[in-house]
Student: 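Would you mind keeping the following structure in view while I ask a few things?
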Amino acid sequence: MVTCHLRYEIDSTRIDDFEAYVTGWVPVITRHGGTHHGCFLPHEGASDIAYALFSFSSLAAYEAYRTAIRDDPEAQRLWRLSAETRCIRRFDRTFLRPAGPAEGVSV
């Protein structure tokens with residue numbers, strides 16, 4: 001299993017646009033075989049940092065998802081939303097694996 005951790009630097013004046021963008025990915029990821037663990041918006045502290053986490057069974061499954069979303073109308077709509085609103089200033093993508101044995105690890 002591989003988990004993608006996304007750290008976003010967002011425009012805090014466009015938080016509603018960003019929330020629509022980031023939560024819109026939940027059904028897209030699910031439809032393409034992933035498990036979404038949630039989107040996390042600023043609450044206390046920095047007002048321009050947000051996170052999202054999702055997992056795929058393997059890096060190969062993640063790469064298949066990346067290929068499939070190029071033709072996914074909903075993914076294209078979300079990319080346009082992000083570009084048009086400029087709600088995302090930048091993002092970092094980190095891939096993680098569970099610590100310890102894979103058996104019994106819940107995702």
Side-chain angles (χ1 to χ4, degrees):
M1 180 184 71
V2 63
T3 297
C4 183
H5 172 268
L6 287 159
R7 179 189 182 275
Y8 294 96
E9 181 182 317
I10 62 173
D11 180 341
S12 60
T13 66
R14 306 304 303 245
I15 194 101
D16 291 341
D17 295 322
F18 176 75
E19 186 168 3
Y21 169 84
V22 76
T23 59
W25 282 102
V26 174
V28 175
I29 289 167
T30 302
R31 185 169 58 255
H32 291 285
T35 301
H36 207 290
H37 306 292
C39 310
F40 304 89
L41 303 174
H43 181 67
E44 291 287 330
S47 63
D48 64 346
I49 303 298
Y51 301 94
L53 290 162
F54 59 89
S55 297
F56 281 87
S57 60
S58 66
L59 193 53
Y62 171 77
E63 291 299 335
Y65 149 80
R66 293 281 297 182
T67 299
I69 61 173
R70 291 182 194 142
D71 297 322
D72 186 294
E74 185 61 16
Q76 292 172 4
R77 186 191 71 76
L78 293 167
W79 288 320
R80 280 192 306 275
L81 172 65
S82 171
E84 290 169 1
T85 65
R86 300 173 86 63
C87 60
I88 300 170
R89 292 186 181 139
R90 67 182 300 269
F91 68 92
D92 298 309
R93 186 182 297 129
T94 302
F95 294 94
L96 308 166
R97 64 172 178 81
E103 293 88 358
V105 175
S106 177
V107 293

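Just the heavy atoms: all of them, side chains too, but no hydrogens, waters or symmetry mates, feed the values below.
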Student: Taking the side chain as every heavy atom from C-beta outward, state whether Thr35 and Met1 have any pair of such atoms under 4.5 Å apart.
Tutor: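 No, every pair of side-chain atoms sits at 4.5 Å or beyond.
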Student: As an exercise, state the distance from CZ of Arg80 to CG of Leu78, rounded to the nearest 0.5 Å.
Tutor: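 Spacing of CZ (Arg80) from CG (Leu78) equals 9.0 Å.
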Student: Hey, quick one: are Val26 and Tyr8 part of the same hydrophobic cluster, counting side-chain heavy atoms closer than 4.5 Å, chains of contacts allowed?
Tutor: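 In one cluster: no.
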Student: To the nearest 0.5 Å, tell me how far Glu9 CD sits from Ile88 CD1.
Tutor: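 Reported to 0.5 Å precision, the distance equals 11.0 Å.
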Student: Would Leu96 end up clustered with Leu59 when hydrophobic side chains under 4.5 Å apart are linked, directly or stepwise?
Tutor: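 Leu96 and Leu59: separate clusters.
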Student: Return the minimal non-hydrogen interatomic distance between Phe56 and Gly33, and the atom names on each side.
Tutor: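 Reported closest heavy-atom pair: CE2-C, 3.7 Å.
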Student: Should we say atom CZ of Arg89 is surrounded by more than 12 heavy atoms from elsewhere, each under 6.0 Å from it?
Tutor: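 Atom CZ in Arg89 is crowded, with more than 12 foreign heavy atoms closer than 6.0 Å.
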Student: Considering all heavy atoms of both residues, which atom of His5 and which atom of Tyr51 are nearest to each other, and what is their separation?
Tutor: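 Distance-wise, the nearest heavy atoms are NE2-CD2, 3.3 Å.
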Student: Give a yes or no on this: more than 12 heavy atoms of other residues, nucleotides or ligands lie within 6.0 Å of atom CZ of Arg97.
Tutor: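 Not buried by this count: 12 neighbours or fewer within 6.0 Å.
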Student: Measure the spacing between CZ of Phe54 and OG1 of Thr30 and express it to the nearest 0.5 Å.
Tutor: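 Reported to 0.5 Å precision, the distance equals 10.5 Å.
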Student: If you count every heavy atom of other residues, nucleotides or ligands that lies below 6.0 Å from Phe91 atom CZ, does the total exceed 12?
Tutor: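 Result for CZ/Phe91: open.
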Student: In a table with atom names and distances, give each donor-acceptor pair under 3.5 Å that connects a side chain of residues 14-22 to protein atoms at least two apart or in another chain.
Tutor:
{"residue": "Arg14", "atom": "NE", "partner": "Asp17", "partner atom": "OD2", "Å": "2.7"}
{"residue": "Arg14", "atom": "NH2", "partner": "Asp17", "partner atom": "OD2", "Å": "2.6"}
{"residue": "Tyr21", "atom": "OH", "partner": "Trp25", "partner atom": "NE1", "Å": "3.3"}

Student: Within this structure, what is the CD-CH2 distance for the pair Glu84 and Trp79, rounded to the nearest 0.5 Å?
Tutor: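 Taking CD in Glu84 and CH2 in Trp79, the distance rounds to 14.5 Å.
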Student: Considering only residues two or more places apart or on different chains, which pairs with a residue in residues 61-71 satisfy salt bridge (charged side-chain N to carboxylate O under 4.0 Å, His left out)?
Tutor: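 Applying salt bridge (charged side-chain N to carboxylate O under 4.0 Å, His left out) to every pair that reaches into residues 61-71, excluding sequence neighbours, yields nothing.
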Student: Within this structure, what is the CD1-SG distance for the pair Ile10 and Cys87, rounded to the nearest 0.5 Å?
Tutor: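 With rounding to 0.5 Å, CD1 (Ile10) is 8.0 Å from SG (Cys87).
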Student: Between Ser47 and Pro42, what is the shortest heavy-atom contact and its length?
Tutor: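 Ser47 and Pro42 have their closest heavy atoms at O-CG, 3.5 Å.
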Student: Work out which heavy atom in Arg31 is nearest to a heavy atom in Asp72; give both atom names and the distance.
Tutor: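 Minimum heavy-atom contact is NH2-OD2, 2.8 Å.
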Student: Looking only at heavy atoms, which two atoms of Ser57 and Ala61 are closest? And how far apart?
Tutor: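 Closest heavy-atom pair between Ser57 and Ala61: OG-CB, 3.6 Å.
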Student: Suppose we screen for ring pair (Phe, Tyr, Trp, His ring centres under 6.0 Å). Which residues come up paired with Phe40, at least two apart in sequence or across chains?
Tutor: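 Phe40 satisfies ring pair (Phe, Tyr, Trp, His ring centres under 6.0 Å) with no residue once adjacent residues are dropped.
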Student: If you compare all heavy atoms of Arg86 against all heavy atoms of Ala83, which two are closest, and at what distance to 0.1 Å?
Tutor: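 Taking every non-hydrogen atom into account, CG-O, 3.4 Å.
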Student: Would you compute the distance between atom CG of Leu53 and atom CG of Leu6 and round it to the nearest 0.5 angstrom?
Tutor: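 Leu53 CG to Leu6 CG: 8.0 Å, rounded to 0.5 Å.
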